[in-house]
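Proteins get letters first, then strands, A, B, ... in listed order; numbering begins at 1 in each.
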Number of protein chains: 2
Amino acid sequence: MSQMQSVEKQLREMILGLEIGPGEKLTERWIESRFGASRTPVRAALLRLETEGLVGRDGRGWTVSPINLAELEQIAVYREAVEVAALRLTCSLADRSGVDVIEAMLESCDSNTPREEWHRVGMDFHIELARLSGNEFLFRAVRDAMTRLSRARWLEVRDEAALARAWAEHRAILAATRLGDAEEAARRLSAHIVGSRDRLVTSLANDRRGLRARGFAVVAA
Amino acid sequence: MSQMQSVEKQLREMILGLEIGPGEKLTERWIESRFGASRTPVRAALLRLETEGLVGRDGRGWTVSPINLAELEQIAVYREAVEVAALRLTCSLADRSGVDVIEAMLESCDSNTPREEWHRVGMDFHIELARLSGNEFLFRAVRDAMTRLSRARWLEVRDEAALARAWAEHRAILAATRLGDAEEAARRLSAHIVGSRDRLVTSLANDRRGLRARGFAVVAA
DNA sequence: GATACCATTTTGGGATACCAAGCTGGTATC
DNA sequence: GATACCAGCTTGGTATCCCAAAATGGTATC
C-alpha cells in the first residue's frame, strides 16, 4: 500500500477512534513524524479527510472537526432522505436476497460481543442496506453520513436497552424490506433515524460537561 | 488568491466548459506548465476534483471523467431524493421569501440571453432552491450532483421548446412552494427531474456518434 | 512481416529545501 | 507594573529534486 493511503487510513482511524480528540489542533509536521511519512502524503491525507468532514481548516492550520450538535440534526434529515430513497428502491427490486446477509450481520452480535463491534455493525447496517439499492450515489451519501456520525455515536452513552431497541428496529426494517413492503419499511426506517437522532443529541447534550473534561470540543445546536 | 485555489478553479472551469474533453488524459506536468504552478498545488487541485467526480485515476495517471450514461441515470434518482426532501423542508418553513429571488433569477433569462447563461441559471435554480431548505447537507448534495451533470447538460442538444418547457416547470414548482403546498411541489419537482433525465439521456444517446467525433468519451448506460 | 525483448523516457509518488506570514516570548520603555 | 515592540521560531504554501515503475519506441530475432 502506498504511504499516502496508509497515512490517510491511520489518521482517519485515530480521529474516528477518538485517539485525537474533536477540536484538537493538527500540524502537518506532527503527522509527518507520527507516521514516518513526508509532507506530500500527509497533505493528500488531510485534503481527503477534509472532504469527509473529519478535519477542517482553522485559519492557517488544521483542526480535527469538533462534534457539532446542529450538524448532527441536519445529518439526520439528510440521512432520512437518502436512506429512505435507497430503501424504497431496494423494495422495488426483484432480488432482495442481500437482506439476509445483513440480517446475519445483525445476528452476529450477542452479549459477549465487544462494544466496538456493536458500534461498527450498527453503522454497517445502514451502509450495507443502502448498498442493496444498487445506486452508487445513495450508497456513498449514506456511507459519508455515517462516517460523520461515527464519533458522536462513540460518545453516546449506550445502555443495553437502547441497543436492544435499535436492533429490534433494524430487524423490523429488514422484515418489511424482505416482503417488499416499501411503505412499512420506509415508515420504520424514518422512525428509527429520528429516534436515533433524538437519543444521540439528548445524550450528548447531557454529557457535554463530561466531554469537555476529556478535552473534546462540542459545538451547540 | 493562492495558487492552489486558482489552479483548482481554472482547471475545473476548463473541464466543465469542455475545453478539456471527457476521457482526455491529464498529466500533472502538463497542468503545471499550463497554469504556471508547481506540482504541489496541482496535486491538491486534482485531489479535490477527484472527489467532485470530474477527474479520475486511470491506473497511474489522471483522466478527465467520461460522460457516463449509467451515472446520469443514477444521479437522477439521487437528485430526486435530495431535492424533493429539501423542497418539502422549505415548504414547512415560515419564511419562504427566498422563492421570489429564485423567480427573479428565472425571469432574467429571455430570448436575447446567451446560451451559457441559460445553462448556468438552469443549474442554479436547483441549487438555490435546495439552499432555501437551510439544510447544509441537502444543499451540498444538490450542488455536487448538478456539478456532475453540468457537462452532460452542455452536450445536450437544446431546442427552444425544451427550454421553455423546463422554465414553465420551474415556475410551477416555485408557485407551489410559495403556497407551501409540499405535495404539489414535490410531485412537480419529481416529474421535472425524471423528464429532464429522459431528455438528457435520449439526447446524448442519439448524439453519441457526434460526441465521439469531438473526441469525447461517452460510456454507455 | 510479426513479435519478443531491452534501453530510454516519462510519469506519478515521495522527500526536502525555501519562503512569507503569524505567533510567541521576552525586553525595553514609560 | 503595564504595554508596546521586536527577534526568533513555527507553520502552512510552494518549488524542486529524486526515485521506482510503467509506458514507449526501436531493434534483433524468428
For [X] and [N], give me the distance from atom [atom1] to atom [atom2], rounded to whole Å.
{"X": "R60(B)", "N": "dG13(C)", "atom1": "CZ", "atom2": "C1'", "value": "8 Å"}
{"X": "R57(B)", "N": "dT11(C)", "atom1": "CZ", "atom2": "P", "value": "16 Å"}
{"X": "L26(A)", "N": "dG12(D)", "atom1": "CG", "atom2": "P", "value": "9 Å"}
{"X": "I31(A)", "N": "dA15(C)", "atom1": "CD1", "atom2": "P", "value": "14 Å"}
{"X": "R43(B)", "N": "dG14(C)", "atom1": "CZ", "atom2": "P", "value": "8 Å"}
{"X": "F35(B)", "N": "dG13(D)", "atom1": "CZ", "atom2": "C1'", "value": "19 Å"}
{"X": "K25(B)", "N": "dA22(D)", "atom1": "NZ", "atom2": "P", "value": "15 Å"}
{"X": "L47(A)", "N": "dG13(C)", "atom1": "CG", "atom2": "P", "value": "13 Å"}

Selected nucleotide, minimal atom distance to [X] side chain, candidates [options]:
{"X": "R29(A)", "options": "dG13(D), dT16(C), dT11(C)", "result": "dG13(D)"}
{"X": "E28(A)", "options": "dG12(D), dA15(D), dG14(C)", "result": "dG12(D)"}
{"X": "T27(A)", "options": "dT16(D), dT11(D), dG13(C)", "result": "dT11(D)"}
{"X": "R39(A)", "options": "dA15(C), dG12(D), dG12(C)", "result": "dG12(D)"}

* Watson-Crick or G-U counterpart of dC30(C), or none if no pair lies under 3.5 Å ->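 Partner of dC30(C): dG1(D).
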* Taking the six-membered ring of F216(B), is the NZ or CZ of R214(B) close enough (under 6.0 Å from the centre) and on axis enough (within 45°)? ->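 Relative to the ring axis of F216(B), which defines the angle, R214(B) lies outside at least one limit.
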* **Sidechain N-carboxylate O distance under 4.0 Å for R120(B), D124(B)** =>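 Counted as a salt bridge, because a side-chain N and a carboxylate O are separated by less than 4.0 Å.
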* Asked: Do E52(B) and R12(B) sit within salt-bridge range, that is, some charged N less than 4.0 Å from a carboxylate O?
  ->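 A salt bridge links E52(B) with R12(B).
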* Verify whether one side chain among T113(A) and D110(A) offers a donor that lies under 3.5 Å from an acceptor in the other. =>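 Yes, because at least one side-chain N or O of T113(A) sits under 3.5 Å from a partner of the opposite role on D110(A).
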* Contact under 4.0 Å: S38(A) side-chain N or O vs dG14(C) OP1/OP2 ->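 Indeed not, no polar side-chain atom of S38(A) lies that close.
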* Asked: Is there a side-chain contact (heavy atoms from CB on, under 4.5 Å) between L106(B) and L174(B) once you walk through the steps?
  -> CA-CA 10 Å; L106(B) 286 182; L174(B) 288 181; 3.8 Å; yes
